[in-house]
Amino acid sequence: MSLPQMHYTSAPPGPDGSGFRFTAVTPGVPSSVLREAEQLVGYEPPRDAPSRPTSSDLALFPEMFSYTRLTDGTGLLSRTVYTGADYSGRWGNFHAHAVHLPVGDLLPGDLPPIAAWGAPEWADRSPEDGTPPPLDAFTPVPPAGLRAELAAFAADRLPWLAAVLADLRRLAETPHAPQIVLVEEESGRVAHWVMLVNAALPGGFAHSLTFTTYTRRPQQARQQIIGVRPEDVRSVAGQPHRYSVHDCSAPSTAAPAAPADAWARTAAAVWAAGAPRLFGQADEADGTVPFAPGPLAALALAKGIPVPEDARADAVEWVRDRHDALDEQTLTRFLRAVSEAGTDAPELPSETLAGLLAALHTSVPAALTAPLTARLVSRAVRGGGNGLPPLPAGALPEPYRGDLAAESGEELRRSLRDPVTPLTRVAGLLRVARLLGVGHEDLTPGLVERFCAGLMSVPGTATAEALREALAENDGLRHGVAVLLDGRAADDPPGVARALRDARLSLDGPDALPHLRMCAAAPDPRPGTPGSGAGAASDSGARAGDASGVRERDRAWARDRNGELHRLLRVARVSHHEDPLVLRTAVALVWEDRGPTAAEASLLLGENGAGPHVAAGTWDHLVTAALDAPAEDQEAPLLARQLIAAASEAIGRPVLNELRLLSLVHALDEGEADVSVAQGGWTARVRALADAARPGVRNRAATTLARRLLGPDRPGDELGELARSDDGDLIDAYASTARTPVFLDILRSVPGRTADCFVAWTSHAGASPRWDLTRRALLDEVLRPVVQSLSDSEVHAVEDAIGRLSTARADDFREWNRPTGGLGRLFRRRDRRSAGPTSPWRGDVEPPRGKRGSR
């Protein structure tokens with residue numbers, strides 16, 4: 001490749017005139033390039049320069065060496081030097097020599113522009129023929145001497161080096177970042193700066209970096225790096241959004257604080273160590289992520305160069321992922337560097353080193369990773385970390401293994417025995433003991449107890465992870481923990497199941513551990529988890545719905561949970577008839593969050609009989625399901641009857657009476673005729689059993705009895721028995737039931753029921769004080785408003801019904817229904833009331849509803 005040349009200086013008077021102009025140009029350079037270049041190559045001498053410099057003075061003038069990107073995308077590489085004062089003007093004369101680089105083209109040899117600094121091809125005067133040929137190449141300064149010179153300069157400028165590199169990275173990644181202004185007394189030092197940063201830049205960034213080593217007007221400079229003398233920096237000072245100024249001109253100048261950029265600080269450390277070749281090696285090893293500190297820091301550590309702490313962590317992370325990019329010798333040196341304790345920087349965390357070891361031990365010989373493994377083992381024994389990853393037995397070769405076992409074996413065993421040693425550390429020490437071959441089998445029983453206690457205490461994530469890994473790696477410990485947990489599962493199945501879930505353990509032991517297997521297979525009862533039982537969360541809503549659907553839904557949910565019970569019993573692989581405790585464990589796991597409902601208990605009793613439940617201790621769950629069932633639970637009374645029939649001898653006397661009372665409720669609900677015969681009738685039977693019953697059962701029995709006594713099919717003297725009892729609970733329940741909206745609608749709709757209530761509530765006068773108060777209140781507050789709402793024809797129908805029961809009572813009804821004044825009849829409501837819903841009361845026979853007439 002050849003580069004067109006341009007010479008620009010002050011021409012003496014002649015045919016083409018005088019003054020500054022291009023005096024020699026390679027043919028073919030566009031005029032637009034010449035016009036723009038003319039604005040870039042001009043030179044102003046320093047403010048303190050002598051007006052009539054001698055030859056020795058001229059050598060001290062700054063050299064303006066620049067690389068600029070032109071507006072058309074091409075590049076202009078130029079060198080401008082002062083040549084002395086003459087007729088050309090108040091600034092004297094200068095000569096600019098420039099070459100034009102087309103878009104995308106580089107210097108010959110793929111050199112960066114700064115490599116042409118000091119090249120002998122640069123001329124101080126124009127060629128005499130006026131038409132210079134294209135330049136084929138620049139001869140760079142010999143690298144051997146230059147490298148030493150740059151290393152010395154980097155050491156001298158180390159306080160500013162990282163900050164300048166950080167700014168340079170910002171410029172490379174963000175075109176609108178502030179320009180870098182370097183304040184130096186000599187332009188050659190600015191050139192050294194550009195050489196330093198060019199060597200550190202990855203990939204093609206060095207070839208595109210624009211710069212100028214000197215200018216009197218930095219505010220007009222277009223380059224990314226601008227070199228100025230101290231007296232010219234004031235024009236750009238105080239504008240941090242446009243210029244990042246680094247004043248390196250005097251030792252007294254305060255150096256900037258270290259930047260946060262780990263790559264910049266690492267690159268500065270590499271230059272300070274005089275190892276610039278590492279930049280190219282890092283780029284070759286992994287140039288996929290520009291400015292990544294990991295590759296450079298890894299190579300620096302392998303060379304023994306200290307790097308910043310965060311860059312060390314980046315190096316470990318990079319080697320963990322790309323260790324194949326390093327040769328064996330470099331990798332060995334790197335591992336030694338990160339393994340050995342140093343005074344220059346804090347040690348890396350054990351978890352960081354453990355991640356590196358875990359990535360290397362399957363693909364790198366153990367001899368290479370031995371220093372790293374030994375370091376982690378030593379830290380783990382001393383309590384400095386628990387980050388040792390799972391390793392094969394041969395991961396620590398001799399002499400490391402023998403030396404560490406002799407040095408740390410007793411301390412390791414002492415820590416394992418100590419009950420205050422955290423379980424996460426115990427898990428790590430067990431891994432160390434296995435790796436070093438330190439015997440600890442005699443400590444297993446105590447460790448088993450500690451591991452079980454840790455699992456049952458709902459451990460945190462870190463502890464659970466450590467326990468899980470330790471049990472997976474130690475067969476003896478895992479078997480001991482499984483046996484102990486199986487024993488505890490028989491007493492606390494939900495607790496063991498929760499421990500297995502939280503720690504994500506799978507301890508499916510031998511056939512002799514049925515309880516543990518069931519706990520491991522148990523569903524999670526927490527809301528929103530599979531197997532948690534959708535029915536449980538919907539009970540309240542379902543029970544508040546249609547009564548006819550509640551029983552079927554309860555039975556469906558009972559079948560679901562009963563199916564889960566059978567699944568767990570199959571998992572146990574032991575028959576619950578042979579080992580009843582298996583049934584207890586299964587019941588506790590399925591009904592962990594609550595006891596079984598009456599429907600579920602009925603299904604359990606029907607499938608297994610009473611014997612296994614009595615032997616397993618789950619019999620009380622079935623009894624409780626009946627006695628503690630809500631009042632609307634339709635299955636509880638039937639369950640009570642089933643329990644009595646199955647094993648009445650297994651039920652204590654007070655509880656047995658409560659179950660009998662519930663069984664009586666079932667008989668009353670089903671209309672069984674023999675109830676009235678047993679022990680003197682319904683009322684006497686309820687009173688005999690209700691004395692010691694819990695409130696829910698007692699109230700349910702009283703309400704059921706009241707409902708039957710208000711019905712048309714009660715035995716003859718049952719109401720009299722209630723009236724004479726003076727029992728507050730039963731009589732109040734009777735009154736409350738008579739006031740319910742359902743019963744009031746029946747009274748309005750069925751004349752026979754209205755007549756029956758009039759006869760009942762005018763009977764047994766004086767039977768007991770409470771009855772007299774109740775019946776008079778029912779006549780005045782319930783029956784009278786109902787009768788007053790009836791039409792005349794409906795009232796006559798009631799009178800006829802009463803007359804069929806008793807003629808005398810018909811006269812009483814007419815007298816009772818007589819208006820208290822002449823206007824009473826007038827204000828009686830004559831409109832028909834719409835028929836109410838079909839009564840759910842057993843025994844009611846309602847006539848067809850027709851349109852009611854009016855008087």
Side-chain angles (χ1 to χ4, degrees), residues 1-44 63-83 88-89 91-140 187 191 194 198 204 206-215 217 220-226:
M1 181 189 72
S2 57
L3 304 173
Q5 300 186 66
M6 293 164 276
H7 291 266
Y8 186 88
T9 187
S10 176
D16 295 329
S18 63
F20 287 102
R21 59 185 174 84
F22 284 103
T23 56
V25 179
T26 301
V29 177
S31 58
S32 61
V33 171
L34 295 176
R35 284 194 300 271
E36 189 171 357
E38 188 173 15
Q39 307 302 317
L40 299 171
V41 298
Y43 185 94
E44 293 182 63
E63 178 180 320
M64 189 176 76
F65 187 69
S66 306
Y67 177 65
T68 310
R69 183 68 60 184
L70 303 181
T71 54
D72 63 356
T74 61
L76 184 74
L77 182 61
S78 63
R79 173 182 176 269
T80 305
V81 294
Y82 192 67
T83 58
S88 58
W91 286 341
N93 197 10
F94 64 86
H95 180 269
H97 183 189
V99 294
H100 184 225
L101 279 69
V103 177
D105 283 353
L106 306 175
L107 290 181
D110 290 344
L111 296 175
I114 192 61
W117 168 269
E121 286 77 15
W122 294 113
D124 294 342
R125 58 177 51 89
S126 302
E128 295 181 0
D129 58 3
T131 55
L135 188 64
D136 292 330
F138 284 103
T139 304
S187 59
V194 178
N198 260 269
H207 295 87
S208 60
L209 180 65
T210 62
F211 57 86
T212 183
T213 60
Y214 168 75
T215 179
R217 302 179 185 277
Q220 297 177 3
R222 295 163 44 179
Q223 294 83 0
Q224 293 170 305
I225 295 180
I226 307 168

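In this text the structure is predicted, and so the values were computed from the model without any measurement.
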- To the nearest 0.5 Å, tell me how far Ser66 OG sits from Ile225 CD1. 11.5 Å
- Please test His95 against Ser126 for side-chain contact (heavy atoms from CB on, under 4.5 Å), starting from the C-alpha separation and ending with a verdict. CA-CA 8 Å; His95 180 269; Ser126 302; 3.5 Å; yes
- Message: With side-chain contact (heavy atoms from CB on, under 4.5 Å) as the criterion, how do Thr26 and Thr131 come out once you've worked through the C-alpha distance, each side chain's angles and the decisive distance to 0.1 Å?
- Response: CA-CA 6 Å; Thr26 301; Thr131 55; over 6 Å; no
- So, are Arg79 and Glu121 salt-bridged, with charged N and O less than 4.0 Å apart? no
- Could you give the distance from CZ (Arg125) to NE2 (His7), rounded to the nearest 0.5 Å? 11.5 Å
- Query: CG/Leu77 to OH/Tyr67 distance, rounded to the nearest 0.5 angstrom?
  - Reply: 8.0 Å
- Item | Under 3.5 Å side-chain donor-acceptor pair for Thr74 and His100 | yes
- Compute whether any side-chain donor of one residue and acceptor of the other, for Ser187 and Thr213, lie under 3.5 angstrom apart. no
- Item | Between Thr68 and Gln223: side-chain donor-acceptor atoms closer than 3.5 Å | yes
- Contact check, side chains of Val81 and Met64, non-hydrogen atoms, under 4.5 Å: no
- For Leu107 and Pro112 the tightest heavy-atom approach is CD1-O, 3.5 Å
- Among Val99, Thr212, Val41, find the residue that satisfies the side chain to side chain contact (heavy atoms under 4.5 Å, CB included) test when tested with Ser78. Val41
- In Å and rounded to the nearest 0.5 Å, what is the OG1 to OH distance from Thr83 to Tyr43? 10.0 Å
- Query: Once you round to the nearest 0.5 Å, how far does CD of Gln39 lie from CD of Gln220?
  - Reply: 10.0 Å
- Nearest heavy-atom pair of Gly42 and Phe94: which atoms, and what distance? CA-CZ, 3.8 Å
- Report the C-alpha separation of Val194 and Trp117 in whole Å, then their side-chain angles, then the decisive distance to 0.1 Å, and conclude whether the side-chain contact (heavy atoms from CB on, under 4.5 Å) test is met. CA-CA 10 Å; Val194 178; Trp117 168 269; over 6 Å; no
- Message: Could you walk me through whether Tyr214 and Phe65 satisfy the ring-ring contact (aromatic ring centres under 6.0 Å, His included) test, starting with their C-alpha distance in whole Å, then the side-chain angles of each, then the deciding distance to 0.1 Å, before giving a yes or no?
- Response: CA-CA 7 Å; Tyr214 168 75; Phe65 187 69; over 10 Å; no
- Counting distance only, does the side-chain N/O of His97 pair as donor-acceptor with the main-chain N or O of Ala123 below 3.5 Å? yes
- Task: Give the C-alpha distance, both sets of side-chain angles, the deciding distance and a yes or no for side-chain contact (heavy atoms from CB on, under 4.5 Å) between Gln5 and Val25.
- Result: CA-CA 6 Å; Gln5 300 186 66; Val25 179; over 6 Å; no
- If you take all heavy atoms of Pro113 and Ala206, which pair is closest and at what distance? CD-O, 4.1 Å
- Message: If you define the side chain from C-beta out and look only at heavy atoms, does anything of Pro134 sit under 4.5 Å from Leu3?
- Response: no
- Expected output: side-chain Ser2 to main-chain Asp136 donor-acceptor under 3.5 Å: no
- Item | Donor-acceptor contact present, side-chain Gln224 to main-chain Thr210, <3.5 Å | yes
- Message: Testing the 3.5 Å rule here: is there a donor-acceptor pair between the side chains of Thr71 and Glu36?
- Response: yes
- Query: What's the spacing between Leu101 CG and His207 NE2 if we round to 0.5 Å?
  - Reply: 10.5 Å
- Is the ring centre of Tyr8 less than 6.0 Å from the ring centre of Phe22? yes
